[in-house]
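Structure, as structure tokens:
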Amino acid sequence: MKKFMLIVLAVVVAATVTYAAAGRSSEGLVEKAENAALNADIRKVEVYAKGESQSFTYTGTGAFNVYTCDLAGAGTVLSDVDGVLGAAVFYDGRLTLSDVLEEYGATAISIEEGENCTLVYAYAKGCGRGVASDGRQINMQIVLKEDATVVGSPLVMGSY
């Protein structure tokens, strides 16, 4: 019984650390977006979380809630909601990859070309540890589409 309780405790601690790391990662993403010259082009921000907010409405996906807000509201959601899994900043229009990397102080780790978009996995200081991908740490996903750009941390969890 003690061994079982220790295993359960270890899983709970690991989940809490994962949420805390994602929350810090998302806060770093929002802070960088607030200070970026490109912030005038931000259409919306999505915050992905397990917890519920008393201040913001959300759409439940079954696995997590999606809070949609403007840039100013994102900081409130991040501080108000427990169990933050990540966040994404949606820009109008396709931005250049070099502009996005420069604005967020990020380094591209890998780039995948798709039919309708380019997916870039990157690492930016101040955006948390992120997740491992092919043995390298990434904490940012950038989606470049013809009519929009999405920057998520650690990954874009909603639709793009």
Side-chain angles (χ1 to χ4, degrees), residues 14-15 17-51 53 56-78 81 83-160:
V17 168
T18 300
Y19 287 148
R24 284 193 301 275
S25 176
S26 303
E27 288 170 6
L29 176 78
V30 169
E31 288 172 6
K32 288 176 181 288
E34 288 173 340
N35 296 322
L38 301 172
N39 71 10
D41 299 325
I42 294 174
R43 180 174 13 124
K44 68 177 180 177
V45 176
E46 289 183 351
V47 176
Y48 315 113
K50 293 279 190 180
S53 170
F56 288 84
T57 57
Y58 61 90
T59 304
T61 67
F64 55 87
N65 299 323
V66 179
Y67 296 87
T68 304
C69 53
D70 60 9
L71 184 58
T76 304
V77 173
L78 288 168
V81 179
V84 173
L85 302 171
V89 178
F90 291 73
Y91 292 88
D92 283 326
R94 184 180 178 119
L95 305 174
T96 67
L97 178 57
S98 60
D99 283 348
V100 174
L101 293 173
E102 183 178 330
E103 287 292 327
Y104 285 91
T107 302
I109 303 298
S110 67
I111 300 173
E112 297 176 10
E113 293 291 338
E115 277 186 45
N116 299 321
C117 65
T118 301
L119 294 174
V120 180
Y121 298 94
Y123 186 85
K125 289 182 182 173
C127 280
R129 281 188 34 187
V131 296
S133 174
D134 291 331
R136 298 186 70 184
Q137 284 296 113
I138 61 165
N139 61 4
M140 185 175 288
Q141 180 183 23
I142 303 163
V143 181
L144 302 167
K145 296 173 62 175
E146 186 175 313
D147 61 346
T149 301
V150 183
V151 180
S153 181
L155 299 169
V156 178
M157 297 176 69
S159 62
Y160 48 80

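Since we're looking at a predicted model, the values are computed, not measured.
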### Query
Distance-only, no hydrogens or angles: does the T61 side chain make a donor-acceptor pair with backbone N or O of F64 under 3.5 Å?
yes
### Message
Would you say that V151 contacts M140 through its side chain, given a criterion of any heavy-atom pair below 4.5 Å between the two side chains?
### Response
yes
### Summary
When every non-hydrogen atom of A122 is compared with those of L101, the smallest separation belongs to CB-CD2, 4.2 Å
### Aromatic ring pairing Y67/Y58, orientation class (parallel under 30°, perpendicular over 60°, tilted between)
tilted
#### Entry: R94 side, atom CZ; D147 side, atom CG - distance, nearest 0.5 Å
10.0 Å
### Query
Any donor and acceptor pair, going by atom type alone, linking the side chain of E46 with main-chain N or O of A88 inside 3.5 Å?
no
### Query
Side chains of Y48 and V81: does their closest heavy-atom pair fall under 4.5 Å?
no
### Query
So how far is it from Q137 CD to R129 CZ, rounded to the nearest 0.5 Å?
5.5 Å
### Query
Given side chains that start at C-beta, do those of Y91 and D99 come closer than 4.5 Å, heavy atoms only?
no
### Query
After noting the C-alpha distance and the side-chain angles of L71 and E34, does the key distance pass the side-chain contact (heavy atoms from CB on, under 4.5 Å) rule?
CA-CA 7 Å; L71 184 58; E34 288 173 340; 3.8 Å; yes
#### Entry: Where G86 and M157 come nearest, the two heavy atoms and their spacing
N-SD, 4.4 Å
### Task
Report the C-alpha distance between V84 and V47 in whole Å, list the side-chain angles of each, state the deciding distance to 0.1 Å, and finish with yes or no for side-chain contact (heavy atoms from CB on, under 4.5 Å).
CA-CA 7 Å; V84 173; V47 176; 4.3 Å; yes
#### Entry: Closest non-hydrogen atom pair between C127 and S153, with its separation
O-OG, 3.8 Å
### Task
Run the numbers on D134 and I109 for side-chain contact (heavy atoms from CB on, under 4.5 Å), then give the verdict.
CA-CA 10 Å; D134 291 331; I109 303 298; over 6 Å; no
### Summary
When rounded to the nearest 0.5 Å, the distance separating CD of Q141 from CG of L119 is 5.5 Å
### Query
To the nearest 0.5 Å, what is the distance between CD1 (I142) and SG (C117)?
12.5 Å
### Task
State the CG-NZ distance between L95 and K145, to the nearest 0.5 angstrom.
13.5 Å
### Query
Can you check side-chain contact (heavy atoms from CB on, under 4.5 Å) on L97 and T118, steps first, answer last?
CA-CA 10 Å; L97 178 57; T118 301; over 6 Å; no
### Summary
Rounded to the nearest 0.5 Å, the CG atom of L155 sits from the CD1 atom of I138 at a distance of 5.0 Å
### Query
Got a donor-acceptor contact below 3.5 angstrom from the T149 side chain to the L144 backbone?
no
### Task
Locate the shortest heavy-atom distance separating I42 from A33; write the atom from each residue and the value.
CD1-CB, 4.1 Å
#### Entry: Polar side-chain atom of N65 near backbone of G51 as donor-acceptor pair, under 3.5 Å
yes
### Contact summary for S26 and L78, nearest pair of heavy atoms
CB-CD2, 3.7 Å
### Task
For atom CZ of R43, decide whether the heavy atoms of other residues, nucleotides or ligands shown that lie under 6.0 angstrom number more than 12.
yes
### Message
When you measure from the side chain of K50 to the backbone of A63, do you find a donor-acceptor pair of N or O atoms at a distance under 3.5 Å?
### Response
yes
